[in-house]
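Residue numbering restarts at 1 for every chain, and letters A, B, ... go by the order of the sequence lines. Fair warning: this is a prediction, and the values are worked out from it, not measured in the lab.
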There are 2 protein chains.
Amino acid sequence: MLPENETEIKELTAVLKALAEPNRMRIFAELMQGDSCNCELQERLGLARNLLSHHFRILENAGLVHSRRDQVDGRWIYYSVDRAAATRWHDWFNHFLDPAHIQERTVCGPEGQLISTEQVFLSLPS
Amino acid sequence: MLPENETEIKELTAVLKALAEPNRMRIFAELMQGDSCNCELQERLGLARNLLSHHFRILENAGLVHSRRDQVDGRWIYYSVDRAAATRWHDWFNHFLDPAHIQERTVCGPEGQLISTEQVFLSLPS
DNA sequence: TTTATGCTTCAATTGCAATTGAATTATCAG
DNA sequence: CTGATAATTCAATTGCAATTGAAGCATAAA
């Protein structure tokens with residue numbers, strides 16, 4: 001369910017932190033609609049260029065997006081959603097948050113003891 | 001796809017922020033395995049009681065978990081995963097991160113223009 | 001009513017993250 | 001080479017969040 005080693009937990013946390021910021025969530029949602037450059041998102045979201053660069057880097061470090069230069073005019077840089085990452089985390093969340101995986105168990109406190117006792121009573125021949 | 005109004009975005013962000021912290025992620029994962037009290041998680045995760053209370057509150061404010069008192073000894077408090085919330089966010093992530101929703105579109109920069117030109121060439125009778 | 005227990009709240013520290021303006025890099029056009 | 005453009009990096013500010021120890025609260029037992 002939850003990754004065991006620290007490395008994977010950090011990776012997971014980085015992804016969650018990346019999406020846990022309103023502006024980055026908006027940026028990512030925009031990129032899901034198609035590749036985009038800094039200047040385009042600047043207009044759509046009304047954020048400063050350097051601030052966008054900052055958020056891009058965090059999304060990129062989290063592995064959620066990647067970038068490439070325009071093949072005609074190298075001054076333009078396009079950001080895209082990383083399909084493999086989207087697939088991976090889509091599947092992970094689908095598993096992790098699955099309500100069917102919520103388990104029942106006897107609580108550790110006094111109430112749990114009572115229930116155990118009740119079960120003994122219930123299991124007695126009537 | 002992405003919630004429109006600020007209120008919903010804040011709600012979404014609160015949920016993501018709540019899970020974006022390693023300790024809270026561990027706590028939530030533990031609660032998915034069954035209801036638990038402060039003292040039990042203290043042993044399992046090795047966190048201070050007050051720190052656990054702090055994280056509980058954040059998870060609770062995000063609507064991800066809820067709490068109840070032990071019916072035998074009211075000093076004990078149990079925390080549980082909120083089934084409705086789990087279901088809701090499970091479905092939301094399932095939709096939002098669906099790789100099939102990643103769209104293609106012509107980029108806004110020079111490369112996009114070139115591709116348009118190429119498309120003109122490709123559409124010419126040979 | 002006093003004492004103990006499970007948990008929470010408070011106060012203070014620490015570190016990190018979002019934002020902004022200025023300076024810098026990379027690329028292209030003349 | 002010079003100037004212009006798209007974007008990034010740097011420096012500084014601001015605010016918030018995780019953590020810790022001490023104090024407080026609610027409940028139960030003696």
Side-chain angles (χ1 to χ4, degrees), chain A residues 9-10 13-28 35-62 65-80 107-114, chain B residues 9-10 13-28 35-62 65-80 107-114:
Chain A
I9 288 200
K10 275 194 180 173
T13 304
V15 168
L16 281 162
K17 275 193 181 155
L19 293 177
E21 207 281 328
N23 283 334
R24 282 195 295 270
M25 174 55 84
R26 291 191 191 96
I27 291 169
F28 187 83
D35 302 0
S36 198
C37 63
N38 194 318
C39 62
E40 193 179 22
L41 288 177
Q42 186 184 344
E43 283 187 4
R44 289 199 199 175
L45 302 179
L47 300 176
R49 279 165 301 158
N50 49 4
L51 184 53
L52 278 169
S53 285
H54 168 70
H55 288 316
F56 280 146
R57 183 165 51 187
I58 289 170
L59 287 167
E60 205 164 17
N61 287 342
V65 310
H66 56 260
S67 59
R68 69 171 197 279
R69 285 192 181 269
D70 186 298
Q71 290 194 308
V72 176
D73 186 337
R75 289 174 298 184
W76 298 59
I77 298 180
Y78 302 114
Y79 283 89
S80 324
V107 293
C108 67
E111 191 180 304
Q113 305 301 317
L114 176 63
Chain B
I9 288 200
K10 274 194 180 171
T13 304
V15 169
L16 281 163
K17 274 193 181 155
L19 293 176
E21 208 281 327
N23 284 333
R24 281 195 296 269
M25 175 55 84
R26 291 192 190 96
I27 292 170
F28 187 83
D35 301 1
S36 197
C37 64
N38 193 319
C39 62
E40 192 178 24
L41 288 177
Q42 185 184 344
E43 282 188 5
R44 291 200 196 176
L45 302 179
L47 299 176
R49 279 166 302 156
N50 49 3
L51 185 52
L52 277 169
S53 284
H54 168 71
H55 287 315
F56 280 147
R57 184 165 51 186
I58 290 170
L59 287 167
E60 205 164 18
N61 287 342
V65 311
H66 56 260
S67 60
R68 68 170 197 280
R69 284 191 181 270
D70 186 298
Q71 290 194 308
V72 177
D73 186 336
R75 289 175 295 184
W76 299 59
I77 298 179
Y78 302 114
Y79 283 89
S80 324
V107 293
C108 67
E111 191 180 303
Q113 306 300 318
L114 176 63

**Prompt:** Between the main-chain N or O of B:His55 and the side-chain N or O of B:Arg24, is there a donor-acceptor pair closer than 3.5 Å?
**Reply:** no

**Message:** Would you say that more than 12 heavy atoms from the other residues, nucleotides or ligands in this model lie under 6.0 Å from the CZ of A:Arg44, or not?
**Reply:** yes

**Prompt:** Just by modelled atom types, is the B:Glu60 backbone N or O under 3.5 Å from a matching donor or acceptor in the B:Tyr79 side chain?
**Reply:** no

**Request:** Could you check how far CG of B:Asp73 sits from P of D:dA30, rounded to whole Å?
**Result:** 12 Å

**Request:** Identify the heavy atoms of B:Gln42 and B:Arg49 that sit nearest to each other, and give their distance.
**Result:** OE1-CG, 3.0 Å

**Request:** Assign each of A:Gln71 and A:Glu21 to its nearest nucleotide of DNA chain C by heavy atoms, then name whichever residue's nucleotide is nearer the 5' end.
**Result:** A:Glu21

**Nearest-angstrom distance from the residue atom CD of A:Gln42 to C1' of C:dT19** = 15 Å

**Request:** Give a yes/no answer on whether the side chain of A:Arg75 brings an N or O atom under 4.0 Å of OP1 or OP2 in C:dA29.
**Result:** no

**Item:** For B:His54, the option from B:Leu51, B:Asn50, B:Leu52 that meets side-chain contact (heavy atoms from CB on, under 4.5 Å)
**Value:** B:Leu51

**Complete:** Within residues 43-53 of chain B, those residues having any heavy atom closer than 4.0 Å to DNA chain C are B:Arg49, B:Asn50, B:Ser53

**Prompt:** To the nearest angstrom, how far is A:Leu59 atom CG from C:dA17 atom P?
**Reply:** 14 Å

**Request:** Send over the distance from B:Asn61 CG to D:dA18 P, rounded to a whole Å.
**Result:** 12 Å

**Message:** In whole Å, I'd like the distance from the CD atom of A:Glu111 to the P atom of D:dT27.
**Reply:** 15 Å

**Asked** For A:Asn23 and C:dA17, what is the distance between atoms CG and C1' respectively, to the nearest whole Å?
**Response** 13 Å

**Whole angstrom value for the distance that separates P of D:dA18 from CG of B:Leu19** = 12 Å

**Of the listed nucleotides D:dT27, C:dC7, C:dA26, the one nearest the side chain of B:Asn38** = C:dC7

**Request:** Just call it for A:His55: base, sugar-phosphate, or nothing, with non-hydrogen atoms closer than 4.0 Å on any strand.
**Result:** sugar-phosphate

**Request:** Report yes or no: does A:Asp70 contribute a side-chain atom to a donor-acceptor pair with the main-chain N or O of B:Glu111 at less than 3.5 Å?
**Result:** yes

**Message:** What contact category does B:Tyr78 fall into here, base, sugar-phosphate, or nothing, at under 4.0 angstrom with non-hydrogen atoms?
**Reply:** nothing

**Item:** Nucleotide nearest A:Ile77 when distance is taken to its side chain, options C:dT27, D:dA7, C:dT8
**Value:** D:dA7

**Asked** Looking at A:Tyr79, does any N or O in its side chain come under 4.0 Å of the phosphate oxygens OP1/OP2 on D:dT8?
**Response** yes

**Prompt:** Checking all strands, does B:Asp70 fall into the base, sugar-phosphate, or nothing category for heavy-atom contacts under 4.0 angstrom?
**Reply:** nothing

**For atom CZ of B:Arg57 and atom P of D:dA17, their distance in whole Å** = 12 Å

**Distance test, side-chain N/O of A:His54 to OP1/OP2 of C:dA18, below 4.0 Å** = yes

**Request:** Would you check if B:Ile27 and B:Leu41 make a side-chain contact, meaning some heavy-atom pair closer than 4.5 Å?
**Result:** yes

